[in-house]
Undergrad: 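This is the structure, below, for whatever I ask next.
Order of the sequence lines sets the chain letters (A, B, ...), proteins ahead of strands, with each chain counted from 1.
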Protein chains: 2
Amino acid sequence: MSKLNGDLEVLVEPSVEEAVKALRRGFSQGRLLLVIGPCTVDYEGRARSTLSLGERVIICKPDGSFMVHRPTGYEPVNWNPPGALASVYVEDGSLKLVSIRKRPPEKLVVNLSRVYLVASLKLEDSGVFALHASEEEMRRAVLIKPELIEEGFKPMEAERAIDGLEGYADLVGEDVEGNLVVVEFKRVTAGREAVLQLKQYVDALSSRTSRRVRGILAAPSVTKEGLRLLEQLGFKFVRLDPQVCYQLIKSASVKPSTGLLDYL
Amino acid sequence: MSKLNGDLEVLVEPSVEEAVKALRRGFSQGRLLLVIGPCTVDYEGRARSTLSLGERVIICKPDGSFMVHRPTGYEPVNWNPPGALASVYVEDGSLKLVSIRKRPPEKLVVNLSRVYLVASLKLEDSGVFALHASEEEMRRAVLIKPELIEEGFKPMEAERAIDGLEGYADLVGEDVEGNLVVVEFKRVTAGREAVLQLKQYVDALSSRTSRRVRGILAAPSVTKEGLRLLEQLGFKFVRLDPQVCYQLIKSASVKPSTGLLDYL
DNA sequence: GCCTAGGTCCCGTAC
DNA sequence: GTACGGGGCCTAGGC
């Protein structure tokens with residue numbers, strides 16, 4: 001099949017020399033490379049680390065991303081993000097994979113005495129990734145249906161940026177009595193930190209107006225300490241589920257076309 | 001070689017049926033599995049996502065970690081952390097890889113119409129990972145050499161926990177005048193958040209003592225807004241480099257034995 | 001380039 | 001189990 005005609009190259013138990021040839025070819029052709037074998041890893045940059053001998057999977061992506069994966073764990077044990085530059089060479093009979101990041105300066109060296117597998121692939125991926133139920137969607141849901149915050153709440157989208165140097169409130173609006181309201185959204189359980197953040201925006205806005213400024217935390221839940229701090233500061237908690245917000249947005253964005261069909 | 005005797009299995013362009021057999025065998029034997037091919041991905045859990053057709057690398061680790069990697073980017077586009085349960089089956093001639101996490105409930109479905117590569121590996125990794133230049137090492141460095149904070153500073157390690165319900169200060173001590181000092185460490189540039197955190201601990205401690213409580217932020221650098229807020233609150237910034245702290249700890253931990261040798 | 005804030009953050013640790 | 005804070009966090013969005 002087409003992928004076999006040069007788009008996929010697999011070497012099982014290659015010699016170090018064969019591996020380095022395949023990898024260099026892969027780098028120059030913008031391929032994704034997989035290397036598997038026993039290795040040690042040294043890292044030096046913002047921090048430092050060493051990793052003694054063990055069997056791992058190394059992934060080098062064409063954008064410079066570089067990851068060393070142990071047989072367990074979600075996270076790579078060592079890595080470089082996109083933009084790093086990878087190279088490969090032989091030293092003392094070992095395969096050395098080096099990934100270097102310019103800024104901040106970071107260097108990763110993987111030392112393989114033996115290689116179980118090298119795979120070199122030209123992958124195409126123009127797929128579209130769509131994520132829903134984010135904090136931003138909670139905000140959009142409240143713009144569509146302000147009573148999710150409280151009866152009579154009126155969002156003032158334009159005032160979102162309080163200063164530009166003092167951070168951004170998630171949403172600013174007015175309540176039914178004409179007080180200013182700062183809303184802080186969290187898509188997961190809100191803790192002390194979220195309340196402190198809210199206080200920061202309330203304080204910043206208070207110092208710029210003579211009107212009363214209220215604080216509202218909108219999240220699916222609050223921690224006990226978060227709630228205690230919230231009450232101590234005279235702020236309010238509003239339960240809001242990101243999944244419910246997503247459903248609301250979805251049905252709201254379908255409505256216009258439904259309305260159009262109804263009209264025709 | 002030893003790895004070839006059943007510890008490494010590679011299938012190039014297998015049929016969907018061959019792939020599912022190899023993957024099931026791999027799951028039951030606690031192997032790390034790599035699957036490469038064109039796929040779509042659907043996720044539903046704390047959030048939701050869809051990913052349309054493209055060529056990707058899928059990694060299933062024996063601890064349940066599950067990752068879908070696009071040809072670019074450091075992070076997997078979809079994933080489940082360790083503890084999830086993976087399974088595989090055929091539906092409508094497609095290979096379906098499913099990863100399910102119990103708590104929080106999350107489900108990931110990868111749909112491959114075709115498989116370029118399956119690799120199944122029994123990897124052993126008992127290597128030791130050691131990381132240096134962490135925030136904790138900054139704290140330890142200050143315990144060894146308190147003047148890194150300021151002349152006359154005396155750490156009081158036991159008082160680190162301010163309350164237990166209101167978080168922990170990184171370090172509490174006394175200055176040369178007998179005032180209490182709360183120190184907040186950051187291993188990277190400190191911003192507004194770090195200063196707010198420091199204020200939280202200073203306030204909590206202040207409410208429990210009649211002594212004056214000072215706040216000190218120790219980090220390699222501060223943002224402009226962080227510094228402004230710091231000065232506004234009457235706190236102090238102390239430049240402290242995590243790498244320098246690491247070097248200090250390293251040389252200090254060698255000294256005792258040197259001292260002993262000198263003595264003998 | 002710096003800075004701010006989110007994340008399906010993950011992760012360890014203390015309670 | 002919940003909660004809190006770190007992370008070589010990474011990443012996106014402003015300025």
Undergrad: Heavy atoms under 4.0 Å, any strand shown: does B/E184 hit a base, just sugar-phosphate, or nothing?
TA: sugar-phosphate

Undergrad: Side-chain N or O of B/Q243 versus OP1/OP2 of D/dG8: is the shortest distance under 4.0 Å?
TA: no

Undergrad: Only one of A/L108, A/N80, A/L85 forms a side-chain contact (heavy atoms from CB on, under 4.5 Å) with A/R101, so which one is it?
TA: A/N80

Undergrad: Is there side-chain contact between A/F153 and A/L171, with at least one heavy-atom pair below 4.5 Å?
TA: yes

Undergrad: Check whether any side-chain nitrogen or oxygen of A/T223 sits under 4.0 Å from OP1 or OP2 of D/dC4, and answer yes or no.
TA: yes

Undergrad: Looking at A/C245 and A/A141, what are the two nearest heavy atoms and their distance?
TA: CB-CB, 3.6 Å

Undergrad: Is there a side-chain contact between B/R101 and the phosphate of C/dC10, meaning an N or O under 4.0 Å from OP1 or OP2?
TA: yes

Undergrad: Tell me the interatomic distance from B/W79, atom CH2, to C/dC9, atom P, rounded to whole angstroms.
TA: 7 Å

Undergrad: D/dG6, OP1 or OP2 - any side-chain N/O from B/Q197 closer than 4.0 Å?
TA: yes

Undergrad: Can you find a side chain N or O atom of A/R103 that sits less than 4.0 Å from OP1 or OP2 on D/dG8?
TA: no

Undergrad: With a cut-off of less than 4.0 Å, is there a side-chain N or O of B/R46 near OP1 or OP2 of C/dC9?
TA: yes

Undergrad: Given C/dT8, D/dC9, C/dA5, identify the nucleotide with an atom nearest to the side chain of B/R192.
TA: C/dA5

Undergrad: Compute whether any side-chain donor of one residue and acceptor of the other, for B/H69 and A/K61, lie under 3.5 angstrom apart.
TA: yes

Undergrad: If you measure only the distance, is there a donor-acceptor pair under 3.5 Å linking the side chains of B/Y43 and B/E106?
TA: yes

Undergrad: Would you indicate, yes or no, if D/dG5 has its OP1 or OP2 atom less than 4.0 angstrom from a side-chain nitrogen or oxygen of B/R187?
TA: no

Undergrad: Indicate whether OP1 or OP2 belonging to D/dC15 is found under 4.0 Å from a side-chain N or O atom of A/Y168.
TA: yes

Undergrad: Taking any heavy-atom pair under 4.0 Å as a contact, classify A/R48: base, sugar-phosphate, or nothing.
TA: nothing

Undergrad: Categorize A/P82 for me: base, sugar-phosphate, or nothing, with a 4.0 angstrom heavy-atom threshold over every strand shown.
TA: sugar-phosphate

Undergrad: Can you say whether a donor on the side chain of A/E106 sits under 3.5 Å from an acceptor on the base of D/dG8, or the other way round?
TA: yes

Undergrad: What stems involve DNA chain D, if each pair must be Watson-Crick or G-U and both of its distances must be under 3.5 Å, with 3 or more such pairs in a row?
TA: C:1-7 with D:9-15, C:9-15 with D:1-7

Undergrad: Students often get this wrong, so: under 4.0 angstrom with heavy atoms, is A/S49 touching a base, only sugar-phosphate, or nothing?
TA: nothing

Undergrad: Quick check for you: among D/dC4, C/dT8, D/dG7, whose closest atom lies nearest to any side-chain atom of A/F129?
TA: C/dT8

Undergrad: Assign A/G45 to base, sugar-phosphate, or nothing according to its heavy-atom contacts below 4.0 angstrom with the strands shown.
TA: nothing

Undergrad: Residues in side-chain contact (heavy atoms from CB on, under 4.5 Å) with A/I144, at least two apart?
TA: A/L248, A/I249, A/A252

Undergrad: To the side chain of A/S134, which of D/dG8, C/dT8, C/dG7 is closest?
TA: C/dG7

Undergrad: For B/L53, give me all partners under side-chain contact (heavy atoms from CB on, under 4.5 Å), at least two apart in sequence or on another chain.
TA: B/P38, B/T40

Undergrad: So, is B/K186 close to the D/dG6 phosphate, meaning a side-chain N or O under 4.0 Å from OP1 or OP2?
TA: yes

Undergrad: Counting only distance, no hydrogens or angles, is the base of C/dT8 paired donor-acceptor with the side chain of B/N78 under 3.5 Å?
TA: yes

Undergrad: Verify the contact: side-chain N or O of A/Y74 to OP1 or OP2 of D/dG7, cut-off strictly under 4.0 Å; return yes or no.
TA: no

